Amino acid sequence: MTIIEVENLSFTYGAEAALKNISFTVNAGDFTGILGPNGSGKTTLIKLLLGLLKTNCGNIKLFGKDLKDFKDWYKIGYLEQKSTPPKLMPLTAFDVARLGRLSTKKMPHIFNEQDNTLTSEIMRLTNCLEYKDKLFSELSGGQQQRVLLARALINKPQLLILDEPSTALDSSSKDNIFEMVSQINKETNTAVLVITHDIADIGKYVNKFIILDKKLIFSGNKEDFCRSQEITAYFGPYTPHLMDHLHSCRSCPFADGHCEEGCCKEEHCGHH
Amino acid sequence: MDIIEFLSYAFVQKALIAGALIAVITAVLGVFLVLKRLSLIGDSLSHVALSGIALGLITNTNPVFMAIPVVMLSSLGIYKISKSAKVHSDGALGIIAAAGIALGLIIATLAGGFNVDLLSFLFGSILTVNLSEIILAAVLLLIIFILIYFFYNDLIAITFDENFAQTAGVNTERINIILVLISAAAVVIALKVVGIMLVSAMIIIPPSAALQLAKTFKRALLLASGFSVAGVIIGIYGAFVFNIPSGAMIISADILILVITVLLKNYALKKR
């Protein structure tokens with residue numbers, strides 16, 4: 001099942017092009033890493049996909065529907081790059097996580113006991129139930145991130161979009177979160193789209209890559225990524241270092257210089 | 001003068017009813033506006049109200065009823081200008097305020113200068129409030145209660161994080177427009193209580209005091225309303241006893257309440 005279809009998407013901020021002629025698809029079960037340097041258009045792309053920015057040119061379809069006609073927002077869980085709620089916002093962690101249920105509500109948008117139960121369950125799963133009664137604004141950055149992840153996961157979304165989810169987290173929390181998302185991806189076939197600067201964070205979890213630098217450098221699965229001439233040309237001498245972070249390339253321990261025959265890094269590492 | 005005698009006057013009773021209604025209106029709206037960092041919208045719109053009131057006085061119509069559409073249109077102008085991405089929201093507030101006061105001064109001068117009626121709107125004269133203005137305040141409060149009943153969680157989501165609210169299917173544009181239009185009407189009605197110079201204080205101070213102590217959104221709304229009504233009662237009584245303008249007394253009482261809540265919060269933080 002195709003979850004996202006993007007065709008010839010372009011976007012400009014004033015006169016400056018942020019994205020040029022991007023096309024790709026995301027299917028159910030894909031765990032896609034979106035990578036690119038600062039200012040490469042990663043967050044702009046996500047904002048366009050979610051309708052937070054209006055497209056200048058091109059088409060976006062979510063779950064087979066044009067974005068402008070798409071109403072089933074409960075199918076999507078979204079974790080923003082940086083959430084800066086008002087300092088004095090009188091909402092507990094529980095209240096914030098429960099807001100995720102809003103997309104499932106008909107008028108009037110009032111929460112019920114089932115919403116409370118689901119909120120407790122998802123907070124337990126994301127290890128943030130212990131501080132559910134604390135004010136959200138008084139939590140640490142990592143704790144806030146877990147609550148926001150709970151909010152994104154509460155409706156068991158078919159598409160999960162995570163924009164730099166690990167920025168406020170220490171390395172063990174990062175691994176916990178990516179392990180959990182990976183498990184959800186495998187067990188429920190949820191499509192996952194993760195933006196990151198650092199391939200080391202997600203290398204072992206993803207099965208597809210989108211590499212952006214205002215234009216699309218690469219879009220495809222992990223095996224094609226390992227063998228891609230576009231990737232070699234784009235990353236140049238850094239390519240072997242990049243490949244070191246990909247789990248599927250671990251059969252070729254580049255550091256030892258002993259590449260095995262058929263190894264996916266063969267074309268990049270220069271040891272053959 | 002004792003309280004019983006004070007309450008026995010018909011004009012005092014009318015002033016207290018109108019003041020309490022307007023206190024709840026500005027407090028409830030103020031909680032959302034303060035958290036959305038839009039609290040200065042009251043200041044800006046009150047300046048615009050000067051044009052509407054001057055227009056009402058020059059055309060011999062009820063100045064409040066003339067000012068409401070003028071200020072509502074201006075509030076839409078602020079919203080559209082701040083959304084255009086060419087001007088920041090504080091800039092939009094400043095532009096509209098300056099335009100409003102300039103136009104108001106021109107109209108007032110053409111009408112033969114400032115008269116007693118215009119001055120009463122500048123500094124407030126709650127003791128001269130009439131029945132139609134009380135009914136108007138009651139209708140506006142009813143509209144606000146209906147809006148909050150149907151869109152309570154949408155309003156919270158928008159206040160917490162507008163991007164998230166949009167991806168939860170909330171029509172953020174519609175709710176923001178309703179919020180600024182109601183704020184515009186509230187500002188005009190509140191002019192009778194505290195005057196153009198101090199109306200924004202009624203929107204900012206009681207909600208700011210409530211947000212020092214509230215742990216939930218509902219409690220913030222209730223506390224803000226309670227503080228605001230208390231400020232109006234103390235202010236009207238003080239104004240009557242000491243023969244001081246009611247607006248100045250009400251805002252002084254509000255500030256006293258704010259100082260007390262800040263001290264209480266600091267005390268609670270030290271005790272932790």
Side-chain angles (χ1 to χ4, degrees), chain A residues 13-14 43 46-47 49-54 62 70-92 94-96 98-111 115 133-138 144 147-148 151-152 154-155 157 159 161 163, chain B residues 30-39 83-86 145-173 175 204 207-224 258 261-262 265 268-269 272:
Chain A
Y13 288 107
T43 297
I46 295 300
K47 287 189 168 173
L49 288 178
L50 293 168
L52 299 173
L53 291 171
K54 300 271 177 267
L62 295 176
F70 182 74
K71 301 272 183 259
D72 303 330
W73 291 104
Y74 64 89
K75 291 181 178 173
I76 299 177
Y78 171 48
L79 179 62
E80 259 190 286
Q81 183 178 23
K82 197 179 172 193
S83 183
T84 47
K87 208 168 114 191
L88 293 173
M89 192 81 190
L91 287 184
T92 61
F94 185 88
D95 294 332
V96 171
R98 192 179 53 180
L99 280 177
R101 293 291 293 157
L102 203 52
S103 53
T104 65
K105 295 281 144 191
K106 303 259 183 271
M107 288 292 282
H109 297 166
I110 294 169
F111 298 130
D115 299 316
D133 295 324
K134 282 196 174 175
L135 280 177
F136 181 81
S137 56
E138 290 175 0
Q144 288 187 347
V147 174
L148 295 177
R151 188 183 69 181
I154 195 165
N155 300 318
L159 169 63
I161 298 178
D163 189 353
Chain B
V31 170
F32 294 106
L33 295 174
V34 165
L35 288 170
K36 280 172 73 64
R37 299 181 183 98
L38 274 175
S39 47
K83 284 277 163 189
S84 75
K86 292 190 176 98
F145 282 157
I146 291 170
L147 177 76
I148 287 180
Y149 176 74
F150 282 102
F151 297 106
Y152 179 68
N153 287 310
D154 303 53
L155 281 163
I156 289 176
I158 287 179
T159 309
F160 181 77
D161 180 346
E162 205 156 315
N163 278 352
F164 158 73
Q166 206 170 325
T167 60
V170 176
N171 189 334
T172 54
E173 172 123 357
I175 290 186
I204 298 171
S208 298
L211 290 169
Q212 302 301 318
L213 305 179
K215 298 273 183 201
T216 68
F217 219 92
K218 275 186 189 135
R219 209 169 293 169
L221 295 173
L222 288 172
L223 274 177
L258 175 63
T261 57
V262 170
K265 185 175 187 179
L269 284 175
R272 254 190 220 178

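As the structure is a computational prediction, the values presented were derived from the model and not from experiment.
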Requested in this report: Counting only heavy atoms closer than 4.5 Å, note whether F136(A) contacts chain B via side chain, backbone, both or neither.
Outcome: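 Answer is side chain: those atoms of F136(A) sit under 4.5 Å from chain B.
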Query raised in the report: Non-hydrogen atoms of chain B under 4.5 Å away: do they reach the side chain of L88(A), the backbone, both or neither?
Result: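 Contact with chain B is through both the backbone and side chain of L88(A).
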Quick check for you: to the nearest 0.5 Å, what is the distance between [X] atom [atom1] and [Y] atom [atom2]?
{"X": "E138(A)", "Y": "Q144(A)", "atom1": "CD", "atom2": "CD", "answer": "10.5 Å"}
{"X": "L33(B)", "Y": "L38(B)", "atom1": "CG", "atom2": "CG", "answer": "6.0 Å"}
{"X": "I158(B)", "Y": "N171(B)", "atom1": "CD1", "atom2": "CG", "answer": "8.0 Å"}
{"X": "I156(B)", "Y": "D95(A)", "atom1": "CD1", "atom2": "CG", "answer": "7.0 Å"}
{"X": "L53(A)", "Y": "I46(A)", "atom1": "CG", "atom2": "CD1", "answer": "11.5 Å"}

Query raised in the report: Regarding D154(B) and H109(A), is there a side-chain donor-to-acceptor distance under 3.5 Å anywhere?
Result: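 Indeed, the side chains of D154(B) and H109(A) share at least one donor-acceptor pair under 3.5 Å.
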Query raised in the report: Between T43(A) and D163(A), does any side-chain donor sit less than 3.5 Å from a side-chain acceptor?
Result: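 The answer is yes; a qualifying pair exists.
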Can you tell me which portion of [X] sits under 4.5 Å from chain A's heavy atoms? Options are side chain, backbone, both or neither.
{"X": "E162(B)", "value": "neither"}
{"X": "Y152(B)", "value": "neither"}
{"X": "R219(B)", "value": "neither"}
{"X": "A220(B)", "value": "side chain"}
{"X": "T172(B)", "value": "neither"}
{"X": "V34(B)", "value": "neither"}

Report task. For the pair D161(B) (side chain) and N163(B) (backbone), establish whether a donor and an acceptor sit closer than 3.5 Å, ignoring hydrogens and angles. Result ->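 Checking the backbone N and O of N163(B) against the side chain of D161(B), a donor-acceptor pair under 3.5 Å is found.
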Requested in this report: Dump the intermediate steps for ring-ring contact (aromatic ring centres under 6.0 Å, His included) on F217(B) and F32(B), then the final yes or no.
Outcome: CA-CA 10 Å; F217(B) 219 92; F32(B) 294 106; 5.4 Å; yes
Query raised in the report: Of all the residues in residues 98-108 of chain A, which have a heavy atom that comes within less than 4.5 Å of a heavy atom in chain B?
Result: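 Near chain B, by residue number: L99(A), G100(A), L102(A), S103(A), M107(A), P108(A).
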Query raised in the report: Among L52(A), I161(A), I76(A), which one satisfies side-chain contact (heavy atoms from CB on, under 4.5 Å) with T167(B)?
Result: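 Only one of L52(A), I161(A), I76(A) forms a side-chain contact (heavy atoms from CB on, under 4.5 Å) with T167(B), namely L52(A).
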